[in-house]
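Shown next, in structure tokens, is the structure this report addresses.
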Amino acid sequence: MLLANASHELRTPLSRIRLGVELLKQGPDVRREADLERDIAELDQLVGEILLSSRLDVIEALDVRETVDLLGLAAEECARYTGCELNGETASIQGDPRLIRRMIRNLLENAARHGKPPIDVTLKVEHGRVVLVVADHGSGIPASDRDTVFEPFRKAAGEATGGGTGLGLTLVRQIARRHGGDAVYETAGLAGSQFLITLPR
């Protein structure tokens, strides 16, 4: 299913690249060259996320397992976004720091792209588990789409194409589960989206 969906998603940037190359044959164009570079970067990111998602589906154990300062990683990633507020307590987990960083970055990127600021990130320890919450103040996800929000290449009804690879939240849940935890979506009060990640301490 992933490969079938991926083949469809790959056609869009490939078609734009093919068209851009044909147009450049007519003569140099700085804007078209910049568009081509963006399309190639999008294609590269999509291929990378497809490979990572496929790998996470089949591995039985993490290649890397070390102590990860979750609050420190969250602070570094929050610093990349305007209007991102982090609150919480120090918490360490055992896992792959590169994958955990990717999980946090995907959540923040999703909030920045589909929600509205501020982005509120909270880290707490409850019943021996670490709970990471990423909330935004956008319009939230329609009830009809909430069951499929973590499925690959799913877009909400009426959502425009483009912007993101369609695998960001899929990877969030895969990474959380590979670390013995899980990822769920919740409504954040009257408005906004809230993603809740639980991980063993």
* Straight-line distance of R98 CZ to L73 CG, nearest 0.5 Å -> 12.5 Å
* Asked: Below 4.5 Å, heavy atoms only, C-beta onward: do L24 and D29 meet side chain to side chain?
  -> yes
* **I119/E85 under side-chain contact (heavy atoms from CB on, under 4.5 Å): CA gap, chis, key distance, verdict** => CA-CA 6 Å; I119 302 170; E85 300 289 336; over 6 Å; no
* To do: Begin with the C-alpha distance, continue with both residues' side-chain angles, and end with the deciding distance and a verdict on side-chain contact (heavy atoms from CB on, under 4.5 Å) for L199 and I197.
  => CA-CA 7 Å; L199 297 164; I197 313 299; 4.1 Å; yes
* Asked: Do you know the tightest heavy-atom contact between E66 and P97?
  -> OE2-CG, 3.5 Å
* Asked: Do V184 and L107 belong together in a cluster built from hydrophobic side chains that touch within less than 4.5 Å?
  -> no
* **Heavy-atom side-chain contact between L123 and V133 under 4.5 Å** => no
* Out of curiosity, E76 CD to R105 CZ, how far, rounded to the nearest 0.5 Å? -> 9.5 Å
* With hydrophobic residues grouped by side-chain heavy-atom distances under 4.5 Å, do I59 and M103 end up in a single group? -> yes
* Asked: So, for R178 and D57, which heavy atoms are closest and what is the spacing to 0.1 Å?
  -> NH2-O, 3.5 Å
* Residue pair I104 / L70, side-chain heavy-atom distance below 4.5 Å -> yes
* Asked: What are the two closest heavy atoms between I93 and P200, and how far apart are they?
  -> CG2-O, 3.5 Å
* Report whether L51 and L46 are members of the same hydrophobic cluster (ILVMFWY, side-chain heavy atoms less than 4.5 Å apart, transitive linking). => yes
* Are F153 and V47 grouped together when hydrophobic residues (ILVMFWY) are joined by side-chain heavy atoms under 4.5 angstrom apart? -> yes
* **Heavy-atom side-chain contact between R102 and E49 under 4.5 Å** => yes
* To do: For the pair Y185 (side chain) and I141 (backbone), establish whether a donor and an acceptor sit closer than 3.5 Å, ignoring hydrogens and angles.
  => yes
* Trace of the salt bridge (Lys or Arg N to Asp or Glu O under 4.0 Å) decision for E89 with K124 -> CA-CA 6 Å; E89 54 190 297; K124 53 192 173 183; over 6 Å; no
* Asked: Any Lys/Arg nitrogen of R65 or D96 sitting under 4.0 Å from an Asp/Glu carboxylate oxygen of the other?
  -> no
* Asked: Should L36 and R31 count as side-chain neighbours, where that means a heavy-atom distance under 4.5 Å?
  -> no
* So, does H137 use its side chain to make a donor-acceptor pair with the main chain of P118 at under 3.5 Å? -> yes
* If you round to the nearest 0.5 Å, how far is CG of L52 from CG of L167? -> 9.0 Å
* Asked: Hey, are the side chains of L108 and R80 touching, using non-hydrogen atoms and a 4.5 Å cut-off?
  -> no
* From CG (D136) to CZ (F195), nearest 0.5 Å -> 8.0 Å
* Asked: Counting N and O atoms only, with roles assigned by atom type, does the side chain of E186 sit under 3.5 Å from a partner on the main chain of Q194, one being a donor and the other an acceptor?
  -> no
* Candidate pair L196 and V131, rule side-chain contact (heavy atoms from CB on, under 4.5 Å), full reasoning -> CA-CA 7 Å; L196 188 144; V131 180; 3.9 Å; yes
* With respect to L99, which candidate in D63, L56, V64 satisfies the side chain to side chain contact (heavy atoms under 4.5 Å, CB included) definition? -> L56
* To do: Grab the two heavy atoms, one from G181 and one from R129, that are nearest each other, plus how far apart they are.
  => CA-NH2, 3.6 Å
* **Reported CD-to-OH distance for the pair E109 and Y81, which is rounded to 0.5 angstrom** => 4.0 Å
* **S193 side chain reached by H114 side chain, heavy atoms, under 4.5 Å** => no
* Is the backbone of I50 close enough, under 3.5 Å, to the side chain of S54 for a donor and an acceptor to pair up by distance? -> yes
* Same cluster or not: are L14 and L23 linked, directly or through other Ile, Leu, Val, Met, Phe, Trp or Tyr residues, by side-chain heavy atoms under 4.5 angstrom apart? -> no
* Asked: What closest approach, in Å, do F150 and T170 show between heavy atoms, and which atom pair accounts for it?
  -> O-OG1, 2.9 Å
* Quick one: side chain to side chain donor-acceptor pair (under 3.5 Å) pairs with a partner in residues 14-24, sequence neighbours left out? -> R16-D39, R16-E42, E22-K25
* CD/E126 to CZ/R201 distance, rounded to the nearest 0.5 angstrom? -> 12.0 Å
* To do: Report yes if the side chains of D120 and L86 come closer than 4.5 Å at any heavy-atom pair, otherwise no.
  => no
* Asked: Nearest heavy-atom pair of V121 and C78: which atoms, and what distance?
  -> CG2-SG, 3.6 Å
